[in-house]
Amino acid sequence: MKEKLIAVVGRPNVGKSTLVNRIAGKRLSIVDDMPNITRDRVYIDAVWQDKKFILIDTGGIVENNEDEFVKNINSQVDIALDEADLILFIVDAKSGLNPYDYDIANKLRKIKKEVLLVVNKVDSIHQKDLANEFWALGFDDMHLLSALHGDGGVGDLLDIITKDIKPSNTKETEEDENSPIKIAIVGKPNAGKSSILNNLLKKQRAIVSDVSGTTRDAIDEEVIFEDKIYRLVDTAGIRKKSKVDYGVEMFAVDRAIRAVRECDVALLVIDSSEGLSDQDKKIASIAQEAGCGLILAFNKWDLIKNVQTHKFEEEIEKDAPFLNFAQKIFISAKTGQRLDSIFKTAEMIQLERSKRISTGLLNKVINEAYALNPPSSIKGKMLRIYYSTQAKTKPPTFVIFINNKDLIQDHYKRYLLKKIRENFGFKGTPVVVSYRQKGDK
């Protein structure tokens with residue numbers, strides 16, 4: 001189920017990031033009195049009364065300014081507005097109505113999306129009286145609050161934001177076992193993504209061209225393979241950020257990244273003749289952080305001569321050990337070689353992502369791992385593991401309760417993750433392991 005996207009916009013220094021941090025319950029966006037601290041969009045997961053949504057923190061909007069830095073910030077804001085389901089327009093009660101507020105109000109009216117006018121920094125009755133001047137912006141309603149102090153206005157605003165979101169613990173949000181497996185086809189420009197889609201769909205659905213960057217919009221279409229439904233999403237090629245032009249291409253790349261966040265399995269298409277590039281690794285990292293399954297599809301394999309697949313895999317695993325969990329397939333969009341393995345591999349990964357381990361079995365594995373290889377003490381103190389449990393699936397997420405988080409080192413975290421994978425598989429999917437000590441919420 002797609003989570004609701006809420007863009008937080010306004011002129012510089014009105015408290016956008018302070019409000020985002022207040023809603024998220026942690027300091028994620030940088031807060032400072034200096035304008036334009038926030039430059040790129042920042043996506044932050046948030047929950048209110050078991051209702052999940054995503055906040056997009058943005059830089060301050062300054063209209064009609066030709067400064068390149070300001071133009072870049074405004075371009076980032078435009079992307080956030082384009083993809084948002086709801087917009088929070090933040091103004092500042094202390095500094096009062098500003099000409100830039102009028103400019104932003106006019107901009108938002110043209111978008112024709114739901115906009116909530118939020119008057120921030122209302123810390124006293126005096127500021128409440130001053131807030132009346134913001135009716136001049138022409139919105140039907142406005143919401144007064146203090147993001148810094150977290151008064152009741154924040155809770156009231158969250159009630160409005162989430163009124164159409166179902167709580168995550170209700171049965172209605174549980175995925176149907178027969179729902180389509182969503183596969184996002186991603187990669188650098190010209191790796192063969194659209195050709196793979198056309199071959200899988202058995203029709204010319206996406207434009208195929210040797211010119212990089214032909215695909216602009218994400219293309220979403222369903223296909224049936226062996227009585228199982230798959231939803232294929234072809235996306236624009238993701239280039240290095242420094243080479244992406246602001247405007248149409250940036251929107252296309254943003255949609256590609258969003259498609260990864262929303263998919264079950266990311267199919268990362270790699271040109272076999274070029275091997276795994278640094279940009280491929282970055283795209284793979286996006287998939288890993290999003291928690292979706294990952295297939296490394298080495299396309300144009302028909303052009304590779306005298307190289308065995310297992311040798312190729314070994315080189316990849318040495319070069320990028322953090323991707324060892326990903327499934328690797330060797331295909332050719334041109335000849336159709338092994339393209340069916342995309343569906344079979346995606347189905348296998350989805351089953352792995354959905355796997356749930358019993359608490360008793362999990363504790364047995366973790367306790368045995370601890371006994372076989374106890375961690376070294378730190379300043380005379382020993383790490384103790386009390387209890388382990390699986391918190392959720394998709395991706396498989398585990399919580400291990402310990403005596404002190406300062407006593408568990410990174411190499412021991414990797415060791416326990418390795419033991420979980422050795423015992424339970426989880427092929428093709430990231431596995432999340434968090435550690436809690438007494439007193440943690």
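Note that the coordinates shown come from a computational prediction; the quantities given were computed from them, not determined experimentally. We're numbering straight along the sequence, starting at 1.
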statement: Heavy-atom closest pair (L416 atom, A369 atom, distance to 0.1 Å) is CD2-CB, 4.1 Å
- request: Give a yes or no on whether a salt bridge exists between D302 and K334, defined as a side-chain N under 4.0 angstrom from a carboxylate O.
  value: no
query: Would you call the rings of F312 and W301 parallel, tilted or perpendicular if under 30° counts as parallel and over 60° as perpendicular?
result: perpendicular
query: Do R11 and D103 meet the salt-bridge criterion of a basic N to acidic O distance under 4.0 Å?
result: no
task: Would you mind telling me which of V118, L137, V8, L116 makes a side-chain contact (heavy atoms from CB on, under 4.5 Å) with F89?
output: L137
- prompt: Is there side-chain contact between T429 and P396, with at least one heavy-atom pair below 4.5 Å?
  reply: yes
field: Side chain to side chain, Q350 and K394, heavy atoms closer than 4.5 Å
entry: yes
message: Treating R338 as the side-chain partner and F330 as the backbone partner, does any N or O pair qualify as donor plus acceptor under 3.5 Å?
response: yes
Verdict with reasoning, T18 to N21, per side chain to side chain donor-acceptor pair (under 3.5 Å): CA-CA 5 Å; T18 303; N21 289 340; 5.9 Å; no
- request: Run the salt-bridge test on E347 and K228 with the 4.0 Å N-O cut-off and return the result as yes or no.
  value: no
message: How close do Y415 and L372 get, counting heavy atoms only, and between which atoms?
response: OH-CB, 4.3 Å
message: Tell me if a side-chain donor or acceptor on N363 pairs with a main-chain N or O of T359 at a distance below 3.5 Å.
response: yes
- line: The side-chain hydrogen bond (donor to acceptor under 3.5 Å, both in side chains) partners of R109 (sequence neighbours excluded) come to N106
task: Taking N120 for its side chain and V14 for its backbone only, find out whether a donor-acceptor pair lies under 3.5 Å.
output: yes
- prompt: Looking only at heavy atoms, which two atoms of A284 and L294 are closest? And how far apart?
  reply: CB-CD2, 4.0 Å
message: Applying salt bridge (charged side-chain N to carboxylate O under 4.0 Å, His left out), can you list everything that pairs with K52, at least two apart in sequence or on another chain?
response: none
task: Might you point out which heavy atoms bring Y435 and K405 nearest each other, and give the distance in Å?
output: O-CD, 3.2 Å
message: If we ignore hydrogens and angles and just use 3.5 Å, is the side chain of R22 paired with the main-chain N or O of A147 as donor and acceptor?
response: yes
message: Quick check against the 3.5 Å criterion: does Y370 have a side-chain atom that pairs as donor or acceptor with the backbone of I385?
response: no
- prompt: Quick one: is the NZ or CZ of K355 closer than 6.0 Å to the six-membered ring centre of F426, and within 45° of its axis?
  reply: yes
task: Name all pairs fulfilling the ring pair (Phe, Tyr, Trp, His ring centres under 6.0 Å) condition that reach into residues 266-297, sequence neighbours left out, sorted by first residue then second.
output: none
query: R231 and P180: which non-hydrogen atoms are nearest, and at how many Å?
result: NH2-CG, 4.0 Å
query: Are D271 and K300 close enough for a salt bridge, meaning some N to O gap below 4.0 Å?
result: yes
task: Compare every heavy atom of S195 with every heavy atom of A333, then report the nearest pair and how far apart it is.
output: CB-CB, 3.8 Å
message: If the threshold is 4.0 Å, N to carboxylate O, is there a salt bridge linking K419 and E422?
response: yes
